Amino acid sequence: MGDRSEPAELEGDSAMTVSVGPTPVDPPAQTLRPHAEDAFAAELAALAAQDDRPRPARWRLSPWAVATYLLGGALPDGTVITPKYVGPRRLVEVAVTTLATDRALLLLGVPGTAKTWVSEHLAAAVSGDSTLLVQGTAGTPEEAIRYGWNYARLLAHGPSRDALVPSPVMRAMAEGMTVRVEELTRIPADVQDTLITILSEKTLPIPELGQEVQAVRGFNLIATANDRDRGVNELSSALRRRFNTVVLPLPETPDAEVDIVSRRVGQLGRSLDLPDVPDGVDEIRRVVTVFRELRDGVTTDGRTKLKSPSGTLSTAEAISVVTNGLALAAHFGDGVLRAGDVAAGILGAVVRDPAADRVVWQEYLETVVRERDGWKDFYRACREAGA
């Protein structure tokens with residue numbers, strides 16, 4: 001694949017050279033949030049050293065090793081690969097296999113189902129670089145997907161290869177790498193459809209130069225999307241056909257969700273010098289229980305039906321609540337996560353609509369939390385937080 005800073009030469013009559021910019025510097029030792037390929041470099045290297053299975057063109061690992069990297073496992077030499085995603089194995093296998101074909105991958109799910117997390121780790125394991133990224137917003141321009149221009153050079157010398165500024169998608173096509181498009185459905189529909197030719201013909205025309213960029217083997221695209229938030233632009237049928245869609249579900253069981261929250265909070269906590277997660281596992285379980293019951297509209301035992309608030313109450317939000325609670329415990333408590341440390345965070349996550357959601361929350365507190373054995377401290381903390 002070569003160094004990221006080297007230009008990629010494309011074959012064909014109308015191919016062109018795309019400069020990919022300067023070589024990135026090594027991340028500082030105190031980077032708050034390292035890229036996946038940096039944070040888990042040792043695991044990726046261990047997998048590559050023992051991976052003797054066939055690898056698609058320009059892949060750093062075989063599909064089997066990529067799936068092992070995401071789901072975790074133990075290698076023959078005893079190296080332990082930590083799970084990056086806790087969920088159905090078949091979904092991961094389908095996602096990885098899709099990237100080995102000529103179809104793009106669309107990770108679909110409600111907010112907080114680890115779509116971005118999975119896409120980053122897939123790109124890191126497949127291409128060794130998760131930084132080729134287009135962040136979708138309502139203001140994402142067409143240039144973010146196709147290419148732009150250095151206007152000083154454009155005005156001085158006219159359209160030329162030196163004046164062209166490649167997008168992450170163009171760079172991935174030229175180098176045979178994986179590019180990520182986050183929140184695809186937030187991008188305006190006419191800009192979304194810029195991807196149709198890229199995904200179907202594997203070609204990006206540059207009419208100003210009478211040239212085109214043809215994707216080399218190894219190129220593929222991972223997009224993430226959800227249909228629950230406001231401001232969503234539906235994908236056209238033509239664009240949706242270019243993707244193989246994998247729906248990432250919410251965690252199936254409370255234990256699985258507790259495990260996910262504990263693992264992720266532990267990783268975040270270590271980077272922030274917060275207390276160990278095991279000291280607060282009971283509070284994590286309570287946060288997860290509250291979120292699941294309000295999300296599902298029924299208590300865990302199935303006896304009491306509940307009204308659901310307007311928010312999604314996702315696993316990602318539970319991670320945020322617990323992380324904030326650990327920070328409170330570390331800086332203003334005794335370092336042990338307690339009910340009072342998570343109460344305010346839960347209130348903020350549940351009550352998004354001050355009128356309707358507050359009624360839902362108060363009803364849940366009085367009919368469920370107040371009567372639940374062992375939850376008196378949690379009930380008092382929540383009442384104080386909402387006072």
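For the single chain, residues carry numbers from 1 onward in sequence order. The shown structure was predicted, so the numbers you read here are calculated from the model rather than taken from an experiment. Values below: all heavy atoms of this structure, side chains included; hydrogens, waters and symmetry mates excluded.
In this structure, the separation between CH2 on Trp117 and CG on Leu248 is 14.0 Å, given to the nearest 0.5 Å. Rounded to the nearest 0.5 Å, atoms CG (Leu122) and CD (Glu120) are 10.5 Å apart. Between Tyr69 atom OH and Leu44 atom CG the span is 4.5 Å, to the nearest 0.5 Å. One distance of note links CG of Leu209 with CZ of Arg161; it measures 8.5 Å at 0.5 Å rounding. Here the CD1 atom belonging to Ile319 is positioned 12.0 Å from the CZ atom belonging to Arg263, to the nearest 0.5 angstrom. Interatomic distance, CD of Glu142 versus CG of Asp193, reported as 10.0 Å (0.5 Å rounding).
Using modelled atom types, one side-chain atom of Lys115 and one backbone atom of Gly109 make a donor-acceptor pair closer than 3.5 Å. With hydrogens and angles ignored, the 3.5 Å screen pairs a side-chain donor or acceptor of Thr101 with a backbone N or O of Arg103. Remark: side-chain polar atoms of Asp51 are not paired, donor with acceptor, to backbone N or O of Ala65 under 3.5 angstrom. Asp296 places no side-chain N or O within 3.5 Å of a backbone atom of Val298 that could act as its donor or acceptor partner. The closest donor-acceptor contact from the side chain of Arg146 to the backbone of Pro205 lies under 3.5 Å. The backbone N or O of Thr82 sits less than 3.5 Å from a side-chain atom of Lys84, completing a donor-acceptor pair.
Contact check for Arg153 versus Ser160: no side-chain heavy atoms found under the 4.5 Å cut-off. In this structure the side chain of Leu154 never reaches within 4.5 angstrom of the side chain of Leu164, judged on heavy atoms. Using a 4.5 Å cut-off on side-chain heavy atoms (C-beta onward), Ile145 and Val191 make contact. In this structure, Ile206 and Glu212 have side chains that are not in contact, with every pair of non-hydrogen atoms separated by 4.5 Å or more. You'll find the side chain of Thr116 reaches within 4.5 Å of the side chain of Arg180, heavy atoms only. Here the side chains of Lys202 and Thr197 are not in contact, with every heavy-atom distance at 4.5 Å or above. Residues Arg186 and Thr140 are not in side-chain contact: their nearest non-hydrogen atoms beyond the backbone lie 4.5 Å or more apart. Using a 4.5 Å heavy-atom threshold, the side chains of Thr137 and Ile187 count as separate.
Neither Ile260 nor Val342 shares a network with the other; the hydrophobic side chains, linked directly or stepwise wherever heavy atoms of I, L, V, M, F, W or Y lie under 4.5 Å apart, form separate groups for each. Cluster membership check: Leu328 does not share its hydrophobic cluster with Leu326, using side-chain heavy-atom separations under 4.5 Å among Ile, Leu, Val, Met, Phe, Trp and Tyr. Taking hydrophobic clusters as Ile, Leu, Val, Met, Phe, Trp and Tyr residues chained together by side-chain heavy-atom distances below 4.5 Å, Val350 does not share a cluster with Val110. Leu133 and Met173 fall into different hydrophobic clusters, where Ile, Leu, Val, Met, Phe, Trp and Tyr are joined by side-chain heavy atoms under 4.5 Å apart, directly or via other members. Note: the hydrophobic cluster containing Val80 does not contain Leu47 (ILVMFWY, side chain heavy atoms under 4.5 Å, direct or indirect links).
For the residue pair Asn226/Thr185, the side-chain donor-acceptor check at 3.5 Å is not satisfied. A side-chain N or O of Asp301 and one of Thr299 form a donor-acceptor pair less than 3.5 Å apart. In summary, the side chains of Thr300 and Glu293 do present a donor paired with an acceptor at a separation below 3.5 Å, with no hydrogens or angles considered. Under the 3.5 Å distance criterion, with hydrogens and angles disregarded, a donor-acceptor pair is assigned to the side chains of Ser310 and Asp357. Side-chain contact annotation: Gln50 with Asp77, donor-acceptor N/O pair under 3.5 Å present. Side-chain contact of Glu384 with Tyr379: a donor-acceptor pair under 3.5 Å is absent, judged by distance alone.
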Going through the checks in order, is the side chain to side chain contact (heavy atoms under 4.5 Å, CB included) test met by Arg58 and Val216? CA-CA 10 Å; Arg58 293 181 175 81; Val216 301; 4.2 Å; yes
Could you check Thr79 against Glu43 for side chain to side chain donor-acceptor pair (under 3.5 Å), going step by step and ending with a plain yes or no? CA-CA 8 Å; Thr79 301; Glu43 292 186 13; over 6 Å; no
Exercise for the section: Determine, step by step, whether Val369 and Phe378 satisfy the side chain to side chain contact (heavy atoms under 4.5 Å, CB included) criterion, reporting the C-alpha distance in whole Å, the side-chain angles of both residues, the deciding distance to 0.1 Å, and the verdict. Expected result: CA-CA 8 Å; Val369 176; Phe378 184 78; 3.7 Å; yes
| query | Please walk me through it: do Thr224 and Glu182 pass side chain to side chain donor-acceptor pair (under 3.5 Å)? | reply | CA-CA 5 Å; Thr224 66; Glu182 293 295 323; 2.9 Å; yes
Audit row: Val92, Tyr85, side chain to side chain contact (heavy atoms under 4.5 Å, CB included) steps and yes/no = CA-CA 9 Å; Val92 173; Tyr85 175 72; 3.7 Å; yes
- Query: Given Leu99 and Trp59, is the side chain to side chain contact (heavy atoms under 4.5 Å, CB included) satisfied, shown in steps?
  - Reply: CA-CA 10 Å; Leu99 294 177; Trp59 278 41; 3.8 Å; yes
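With a 6.0 Å cutoff to the six-membered ring centre and a 45° limit on the axis angle, Arg370 does not count as a cation-pi contact of Trp375. Both the sub-6.0 Å distance and the 45° axial angle are not jointly satisfied by Lys307 relative to the ring of Tyr364.
For the pair Leu294 and Ser308, the tightest heavy-atom approach, listed with the atom from each and the gap, is O-OG, 2.7 Å.
Salt bridge status for Glu93 with Arg89: present, with a side-chain N to carboxylate O gap under 4.0 Å. Using a 4.0 Å cut-off between charged nitrogen and carboxylate oxygen, Arg295 and Glu257 count as a salt-bridge pair. Note on Asp255 versus Arg285: salt bridge recorded, some NZ/NE/NH1/NH2 to OD/OE distance being below 4.0 Å. With respect to Asp377 and Arg286, a salt bridge is recorded, a charged nitrogen being found less than 4.0 Å from a carboxylate O.
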